[in-house]
Protein chains: 2
Amino acid sequence: MKPKINDVAKAAGVSPTTVSRVLNNRGYISKETRENVYRAMKEVNYYPNELARSLYNKRTNLIGLVVPTTSNPFFGELTFHIENICTSLGYKVLLCNSLNRIDKEEKYSEMLLRNQVDGVIVGTHNRGILHYHKQNLPVVAIDHYLSETIPVVGSDNYSGGKMATELLIEKGCQYIVHLGGPRELETPANFRRKAYEDIMKKYGRLPITYEIPNTFDPQIQQKVIEKLFCEHPQLDGVFASDDLIAASVLAEANKRGKAIPNDLKVIGYDGTETGQTLLPQLTTIQQPIDLIAKTAIDILLKKVAEEFEELPHETRLAVKLLERKTT
Amino acid sequence: MKPKINDVAKAAGVSPTTVSRVLNNRGYISKETRENVYRAMKEVNYYPNELARSLYNKRTNLIGLVVPTTSNPFFGELTFHIENICTSLGYKVLLCNSLNRIDKEEKYSEMLLRNQVDGVIVGTHNRGILHYHKQNLPVVAIDHYLSETIPVVGSDNYSGGKMATELLIEKGCQYIVHLGGPRELETPANFRRKAYEDIMKKYGRLPITYEIPNTFDPQIQQKVIEKLFCEHPQLDGVFASDDLIAASVLAEANKRGKAIPNDLKVIGYDGTETGQTLLPQLTTIQQPIDLIAKTAIDILLKKVAEEFEELPHETRLAVKLLERKTT
DNA sequence: CTGAAAGCGCTTACAG
DNA sequence: CTGAAAGCGCTTACAG
């Protein structure tokens, strides 16, 4: 059997109460007793049972993290940063990959509730959100509007969309199309499209947006891209809403013998480490992934601590244009 | 306050025992009572506290997952598959990104123990392994030899290394170098190098291996690659031990005006979805990431269930050559 | 078919 | 400075 606090107490010749106090640095303990208890813990190889502690304390130090999938480099990196920062602050991360599927999102939110997480960071649309509200669990969203009371953290999507579109125009593109996420989802990422449309209009151009379903299915993305090239052979500029889509556009252009950047200029969004290593030629808008993670956690932990200083409902973090060879 | 089992009991006019039995489908319960209890759970918005259940049952259905970082596409995809399969089997995943750092690995293993995980899947060298042994916690390793008793799952590294090297030779490369992980780490991935060296010798060539530290630091990788090109200007074939490194080799070749594949042929390892989307030109050896995840979980859960049927100490899953344009 | 009681492994208020 | 007792929210063996 695993040693319990009682075993430590016996080995140290004290009561469980005393062991607990040593463990939690609470109340006065003579130095001698303290050292004796530590020795006993080593001796019996004791690891405190966090389940029991959490049950009593009503605090697990567990954070639920819901992303579409860590397979996507943006979310893989975001997950890394979130977990890393959480750990440095004494929190643990329960990971959920929802693939943006409603059924999975609902099951995850119930699971997180049952497991008594102290808070949740949500990077999906999460329609299971009702569960959270009912239990008023602290929640912070990344790039999604979930409700009036849930803070949103993300990159400055409007600026990013503006920079991308302006760059293509400056570079002389005459026929620029945007490949974006589904319009009906309420996410600040739609500001990338809004900026694109605003800038296009400002320059007297006709904005054309193709929607890519948020299923992370390369097949489906491929279909949309082929359609785009078929329907707009005059195409000479593409602003893609993420780097993977931009890469697929490059591949399609290559297949059709369009030279990059002469015949066609392409700019992406995200600027992940992985993207920069695997496709360093791609011009893109870089999101500050580490800062997004840090900001989301900061806000979440303030809610957990019930510090009701006015929390910003939306935080838009500065993006950076990485100008490379595809524009 | 959150509703507890007692609140449900009151709302249903039964005892907590009965509610618990409904919850766990245990013993005989009249249909009427059962429905009444369900109604009461809905009514008071009840979510069972898994902490309390786990404390009693001595089973958390929690799996610890330790990877270097989900930022790396191989581990990002592996993490996705592991979490996904775990969820489908009723398990939850506590995520740990160790960055291959000893200090972090040790803290994580203690944390996982304290949190009473049912088992651990380790994709790092994990020198905190002692902790696990002491508590004899079920562990499965991915591509790492941790101890005699810990099953290892991975791709067939030797075959992969052999296929890669043979391809470069077939394609006429005269001067082939291998970029591999650090030799001192005991990982089956070293069979990639072993295969490279064996095949080179078989063809009367001199094997040359450069070691890349496993720190996931692009700067350091860059340095090694520059050194490689400086010291071996005759270089016309590279077998890189992962796709990110292969991409950096391509970038360096490009910088030096070496044409791909004419002047230099490059093959990578991993063949992730992300890699195929961002760098579809790259020839590589594809690991069956989903199968690795599935196999590791299968074995782990058998250990958790204490089914001591002979478990294979090492499982080598078939790889696939994806021949593209860089060779 | 259902309930009262004990216990999972901790922590803390209270008493000494 | 230290201990005995009650309680965190469940589950199950036992009794009825």
Side-chain angles (χ1 to χ4, degrees), chain A residues 1-38 40-41 44-62 110-118 135 137, chain B residues 1-38 40-41 44-62 110-118 135 137:
Chain A
M1 275 312 301
K2 291 180 191 169
K4 328 175 194 184
I5 203 167
N6 230 314
D7 301 312
V8 179
K10 276 182 201 157
V14 297
S15 74
T17 308
T18 301
V19 176
S20 173
R21 262 195 294 258
V22 171
L23 226 43
N24 296 290
N25 250 315
R26 249 178 157 278
Y28 291 91
I29 304 269
S30 73
K31 198 180 169 194
E32 199 183 359
T33 308
R34 177 185 306 275
E35 280 166 7
N36 190 16
V37 168
Y38 277 127
M41 295 202 299
V44 305
N45 226 278
Y46 176 68
Y47 294 95
N49 184 326
E50 289 294 334
L51 254 34
R53 307 183 79 191
S54 297
L55 182 60
Y56 185 93
N57 294 327
K58 297 173 181 312
R59 208 136 173 325
T60 54
N61 280 14
L62 260 180
E110 182 171 341
M111 181 276 277
L112 294 173
L113 243 17
R114 285 168 172 253
N115 284 276
Q116 314 298 117
V117 295
D118 292 340
Q135 303 274 332
L137 181 65
Chain B
M1 274 313 300
K2 291 180 191 168
K4 329 175 194 184
I5 203 166
N6 230 316
D7 301 311
V8 178
K10 276 182 199 154
V14 297
S15 73
T17 308
T18 301
V19 177
S20 173
R21 263 196 293 259
V22 171
L23 227 43
N24 296 289
N25 250 314
R26 250 178 155 277
Y28 291 91
I29 305 270
S30 74
K31 199 180 168 192
E32 200 182 356
T33 307
R34 175 186 307 274
E35 279 165 5
N36 190 17
V37 168
Y38 277 127
M41 296 202 301
V44 305
N45 227 279
Y46 175 68
Y47 295 95
N49 184 326
E50 289 293 334
L51 253 35
R53 307 182 80 192
S54 297
L55 183 59
Y56 185 92
N57 294 327
K58 296 172 180 311
R59 209 138 174 325
T60 54
N61 279 14
L62 261 180
E110 181 169 343
M111 181 277 277
L112 294 173
L113 243 17
R114 283 169 173 254
N115 284 278
Q116 315 298 119
V117 295
D118 291 341
Q135 303 273 332
L137 181 64

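Chain identifiers are assigned alphabetically (A, B, ...) following the order of the sequence lines, protein sequences preceding nucleic acid strands; residue numbering begins at 1 within each chain.
Taking the side chain to side chain donor-acceptor pair (under 3.5 Å) definition, one finds that N36(A) meets it with R39(A), sequence neighbours left out. Checked against side chain to side chain contact (heavy atoms under 4.5 Å, CB included), E35(B) has the following partners two or more places apart in sequence or in another chain: K31(B). Every residue meeting the side chain to side chain donor-acceptor pair (under 3.5 Å) condition with E50(B), not counting sequence neighbours, appears here in chain and number order: R114(A), R53(B). Listed by chain and residue number, V22(A), R34(A), M41(A) satisfy the side chain to side chain contact (heavy atoms under 4.5 Å, CB included) test with Y38(A) (two or more places apart in sequence, or in another chain). The side chain to side chain contact (heavy atoms under 4.5 Å, CB included) test applied to K58(B) returns M1(A), not counting sequence neighbours. Under the side chain to side chain contact (heavy atoms under 4.5 Å, CB included) criterion, R59(A) pairs with N57(A), N61(A), Y91(A), D118(A), V304(A), not counting sequence neighbours.
You'll find the side chain of V37(B) reaches within 4.5 Å of the side chain of T33(B), heavy atoms only. Between Q116(B) and N49(A), some side-chain heavy-atom pair lies under the 4.5 Å cut-off.
Of the P atoms belonging to dA13(D) and dG9(D), the separation is 23 Å, rounded to the nearest Å. dT12(D) and dG16(D): their C1' atoms are spaced 16 Å apart (whole Å).
First and last contacting nucleotides of DNA chain C toward chain B (any atom under 4.0 angstrom from a heavy atom, 5' to 3' order): dC1(C) to dG9(C).
Of the inter-residue distances, the one linking K2(A) atom NZ with Y46(A) atom OH reads 11.5 Å to the nearest 0.5 angstrom. Expressed to the nearest 0.5 Å, how far OG1 of T60(B) lies from CG of N115(B) amounts to 8.5 Å.
Residues from residues 14-24 of chain B placing a heavy atom under 4.0 Å of any atom in DNA chain C, listed by number, are V14(B), S15(B), T17(B), T18(B), R21(B).
Using a 4.0 Å heavy-atom criterion, one finds that S54(A) contacts no nucleic acid atom at all. Residue N57(B) is classed as a sugar-phosphate contact, given heavy-atom separations below 4.0 Å to backbone atoms only.
The nearest heavy atom of DNA chain C to I29(B) and to A52(B) marks one nucleotide each, and the one closer to the 5' end goes with I29(B). Both L51(B) and R26(B) sit near DNA chain D, but only L51(B) has its closest nucleotide nearer the 5' end. Across the interface with DNA chain C, nearest-nucleotide mapping of G13(B) and R53(A) shows G13(B) to be the residue nearer the 5′ end.
For residues 6-17 of chain A, the side chain to side chain donor-acceptor pair (under 3.5 Å) pairs, not counting sequence neighbours, are S15(A)-T18(A).
Taking a pair as Watson-Crick or G-U with both hydrogen-bonding distances under 3.5 Å, the stems of three or more pairs touching DNA chain C are C:1-3 with D:14-16, C:5-12 with D:5-12, C:14-16 with D:1-3.
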